[in-house]
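Given the structure is predicted, the values throughout are model-derived calculations rather than measurements.
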Amino acid sequence: MRQRDVVKALLDSYGRTFTQEADIRLRDTPQPLYQLLVLSLLLSARIRSGTAIDAARTLIDAGMRDPRRMAAATWQERVDALGRGGYRRYDERTATQLGDGAELVTREWRGDLRRLRAEADGDVQALRRLLRRVPGIGPTGADIFLREAQDLWPEAAPYLDEKALQGARRLGLPAAPDALARLAGDSGTAVFAAALVRAALDKKVADEVVRTADAEAE
């Protein structure tokens, strides 16, 4: 029963995906999937998640919301947008990666990541390999993308990567993906996985959730 209490406390306070926090309305259509790819690239750097989310919003607000517009923007326009979002430490390299990645997505999949999915043909490891062809998307970025997209692309589910499992261990939850997926219930595995990642990234989050669960159990 305590595990259920912990999950409830976690989801009540942190039950939102990183995509939702970035104001991306994720659907299985080209534009939001591309925006998730950009967010995944930004989140995979050694930088605060809040800063990466702000930078993703700023890029979208500046009109760079699909690969065609991202590629059409100048390198300096991308740098400036990243800077306005607070993403200054890696802005120049990231601006180059975003431009190169937009061109690759356009060339290889005609700007539609659903074609990447079709190419993988249900193989999750193939999905990861194809995502990693995009400049700036390494193992961490591919994990982030699939973790956030798993409710749309169920062949990837349950996608609970090492960072999510780290959060589960910190909360005293089972560190087996199938067991965790059962605990997610109707919230969806993507939401639950994102909440677990927040517990992994910040011990204060995990401590707060455990205290809340213990108090509600009394």
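Residues Leu104 and Arg133 come closest through the heavy atom pair CD1-O, 3.6 Å. Of all heavy-atom pairs between Arg2 and Asp214, the closest is NE-OD1, 3.3 Å. When every heavy atom of Arg128 is checked against every heavy atom of Tyr159, the shortest pair comes out as NE-OH, 3.0 Å. Between Arg169 and Ala175, the shortest heavy-atom contact is CG-CB, 3.7 Å. The two residues Gly167 and Ala200 make their nearest non-hydrogen contact at N-CB, 3.5 Å. Closest heavy-atom contact between Ile47 and Leu42: CG2-O, 3.9 Å.
Salt bridge status for Lys8 with Asp12: present, with a side-chain N to carboxylate O gap under 4.0 Å. Ion pairing between a basic and an acidic side chain is recognised when a charged N comes within 4.0 Å of a carboxylate O; Asp28 and Arg117 show such pairing. A salt bridge links Asp112 with Arg114: the closest approach of a Lys/Arg side-chain nitrogen to an acidic carboxylate oxygen falls below 4.0 angstrom. Checked for salt-bridge contact, Arg57 and Asp61 miss the test: no charged N lies under 4.0 Å from a carboxylate O.
Side-chain atoms of Arg147 never come within 3.5 Å of backbone atoms of Ala194 as a donor-acceptor pair (strictly under, hydrogens ignored). The closest donor-acceptor contact from the side chain of Arg198 to the backbone of Arg16 lies under 3.5 Å. Not a single donor-acceptor pair under 3.5 Å links the side chain of Glu208 to the backbone N or O of Val205. Within the 3.5 Å criterion, the main-chain N or O of Pro158 finds no donor-acceptor partner in the side chain of Gln150. With Glu148 contributing its side chain and Thr17 its backbone, the two residues share no donor-acceptor pair below 3.5 Å. No donor-acceptor pair under 3.5 Å is formed between the side chain of Arg132 and the backbone N or O of Ala142.
Side-chain atoms of Ile24 and Ile60, non-hydrogen and from C-beta on, do get closer than 4.5 Å to each other. Two residues are said to be in side-chain contact when any heavy atoms from C-beta on lie closer than 4.5 Å; Leu116 and Leu127 meet this criterion. With a 4.5 Å cut-off on side-chain heavy atoms, Pro30 and Asp66 do not count as touching. In this structure the side chain of Ile137 never reaches within 4.5 angstrom of the side chain of Phe145, judged on heavy atoms. The shortest side-chain heavy-atom distance between Glu108 and Arg115 does not fall under the 4.5 Å cut-off.
Hydrophobic clustering of Ile, Leu, Val, Met, Phe, Trp and Tyr side chains at less than 4.5 Å, counting indirect connections, unites Leu130 with Leu113. Hydrophobic clustering keeps Val210 apart from Val197 (ILVMFWY residues linked when any side-chain heavy atoms are closer than 4.5 Å, directly or through intermediates). Follow the hydrophobic side-chain contacts under 4.5 Å out from Leu152 and you never reach Phe192; the two are in separate clusters. Cluster membership check: Val79 does not share its hydrophobic cluster with Leu39, using side-chain heavy-atom separations under 4.5 Å among Ile, Leu, Val, Met, Phe, Trp and Tyr. Hydrophobic clustering places Leu41 together with Leu36 (ILVMFWY residues linked when any side-chain heavy atoms are closer than 4.5 Å, directly or through intermediates).
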Checklist entry - Which is it for Leu59 and Tyr87 under the side-chain contact (heavy atoms from CB on, under 4.5 Å) test, yes or no, and what are the steps along the way? => result CA-CA 11 Å; Leu59 287 164; Tyr87 203 91; over 6 Å; no
Next on the checklist: Walk me through whether Leu173 and Leu196 qualify under side-chain contact (heavy atoms from CB on, under 4.5 Å).
Outcome noted: CA-CA 10 Å; Leu173 298 174; Leu196 290 171; 4.0 Å; yes
Next on the checklist: Could you walk me through whether Leu33 and Trp153 satisfy the side-chain contact (heavy atoms from CB on, under 4.5 Å) test, starting with their C-alpha distance in whole Å, then the side-chain angles of each, then the deciding distance to 0.1 Å, before giving a yes or no?
Outcome noted: CA-CA 11 Å; Leu33 287 172; Trp153 293 3; 3.9 Å; yes
Checklist entry - When you look at Leu131 and Leu146, which way does the side-chain contact (heavy atoms from CB on, under 4.5 Å) test go after all the steps? => result CA-CA 9 Å; Leu131 287 165; Leu146 293 172; 3.9 Å; yes
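In this structure, Arg46 forms no cation-pi arrangement with Tyr90, as its terminal cationic atom is not both closer than 6.0 Å to the ring centre and no more than 45° off the ring axis.
Rounded to the nearest 0.5 Å, atoms CG (Leu43) and CG (Asp143) are 12.5 Å apart. Distance CE/Met70 to CZ/Arg65: 10.5 Å, rounded to 0.5 Å. Distance check: Leu171 CG to Gln166 CD gives 10.5 Å after rounding to the nearest 0.5 Å. Atoms CG and CG, on Leu82 and Leu98 in that order, are 6.0 Å from each other to the nearest 0.5 Å. Rounding to the nearest 0.5 Å gives a distance of 11.0 Å between CZ of Arg89 and OG1 of Thr94. Distance check: Thr19 OG1 to Ile144 CD1 gives 10.0 Å after rounding to the nearest 0.5 Å.
Between Tyr34 and Trp109, a ring centre-to-centre spacing not shorter than 6.0 Å is recorded.
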